[in-house]
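So the structure is just underneath, and the comments pick up after that.
Counting starts at 1 for both ligands and their atoms, following the listed order. In this text the structure is predicted, and so the values were computed from the model without any measurement.
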Amino acid sequence: MKVVGVDIGGTNTELAVIDSKDGILKMSAFKTKASDSFAEYIDDLSCQIEVLTLEYSIDSIGIGAPNFDSKAQTFCPVNFPWDDLKPFNLKAHLESFLNIPTFLINDANASAMAENRYGAGKKYKDFSLITLGTGLGGGIIINNQLFEGAFGYAGEFGHTKIEGLDRQCNCGGVGCLETVVSANGIKKSYAVNMKEIKSSVPTQIPSVKTIFDKAKNGDKRCQVILNYTFEKLGQKMADFIHILNPEAIIFCGNIAKSMESYLPIISDFCEEQLLDDFKGKIHYGISELLDDKMNVLGPASLAFTKAEELVS
Ligand SMILES: [Zn+2]
């Protein structure tokens, strides 16, 4: 069985042909914003997918898309630069154009499906994936199936609240988890720390990678900031675990690449909050798919799952 996996990212749109036995057969990418309008982008994307379907016999197409509404089956990349943006049904468009079953999915949910089929989630049938990048997203797998919720947005762990925190979130809310536990959150913590020590030296806030590197090399301020970040994450994880009762919590995204040594902090602060029935039973781990292929493997996993359902 062969599928096309597509990831519509803010910078690049990536495409891959994936075989159920042999893995990735071909990959390509183009600059998402190279198109002059949303309509032109849809045309460019459709042509690129068509080229792959002419070269290979494709059973199904899976697409990871921002702001995908699973009920309306539309996506609308709100932060993209085009004037003609509107919710668009890419599934209907591609199915009439190519006559191949097509399925869309939100990015974080796609990552959870990829982890379940190819990565650290292979060992578990009930787990949550927490994506730590610019923001904090999540995906929930229950009995080896993605739990999407009524509209496809389930797993928005990043906008659950931390008690007593007054940080403004991009979503308009106050005190969201991602205002601490994310790249933006860590930088914010650094700025707050600078203010607290009333540093008169105007220092630029370093990159998150630099903050991790400095902490590793003994920089006390960076250690304090990262410890605070992962303590808060651990405490909040306990809420999700009490609700979902998963076997494992798996972390992915750019920040996960640096956070192995912080897993004990997360698990300590989480376990301390858990009811006795939950204690000592949960695995806290890092994704096994922290390379670029994750982007296309997620949508491809959806395409395989749907194609397998159609066959059975
Ligand atoms: Zn928020």
Sequence neighbours left out, what pairs pass salt bridge (Lys or Arg N to Asp or Glu O under 4.0 Å) with at least one residue falling in residues 47-59? K26-E55
Each residue besides F151 in its hydrophobic cluster should be listed here, by chain and number; the cluster joins Ile, Leu, Val, Met, Phe, Trp and Tyr at side-chain heavy-atom distances under 4.5 Å. Y153
Could you walk me through whether M259 and L132 pass side chain to side chain contact (heavy atoms under 4.5 Å, CB included), step by step? CA-CA 10 Å; M259 64 185 272; L132 298 167; 3.4 Å; yes
Are any of the side-chain heavy atoms of L15 and V296 separated by less than 4.5 Å? no
Report for the Zn ion (ligand 1), protein N, O or S closer than 2.8 Å, by chain and number, lists H159 ND1, C169 SG, C171 SG, C176 SG
Side-chain donor-acceptor pairs under 3.5 Å in residues 81-99, sequence neighbours left out?
unit_1: W82; atom_1: NE1; unit_2: S35; atom_2: O; d: 2.8
unit_1: D84; atom_1: OD1; unit_2: F38; atom_2: N; d: 2.8
unit_1: D84; atom_1: OD2; unit_2: F38; atom_2: N; d: 3.2
unit_1: D84; atom_1: OD2; unit_2: A39; atom_2: N; d: 3.0
unit_1: N89; atom_1: OD1; unit_2: K91; atom_2: N; d: 3.2
unit_1: N89; atom_1: OD1; unit_2: A92; atom_2: N; d: 2.8
unit_1: K91; atom_1: NZ; unit_2: E95; atom_2: OE2; d: 3.1
unit_1: K91; atom_1: NZ; unit_2: T102; atom_2: O; d: 2.9
unit_1: H93; atom_1: NE2; unit_2: S46; atom_2: OG; d: 3.1
unit_1: E95; atom_1: OE2; unit_2: T102; atom_2: N; d: 2.8
unit_1: S96; atom_1: OG; unit_2: A92; atom_2: O; d: 3.4
unit_1: S96; atom_1: OG; unit_2: H93; atom_2: O; d: 3.2

Can K236 and D239 be counted as an ion pair, charged N to O under 4.0 angstrom? yes
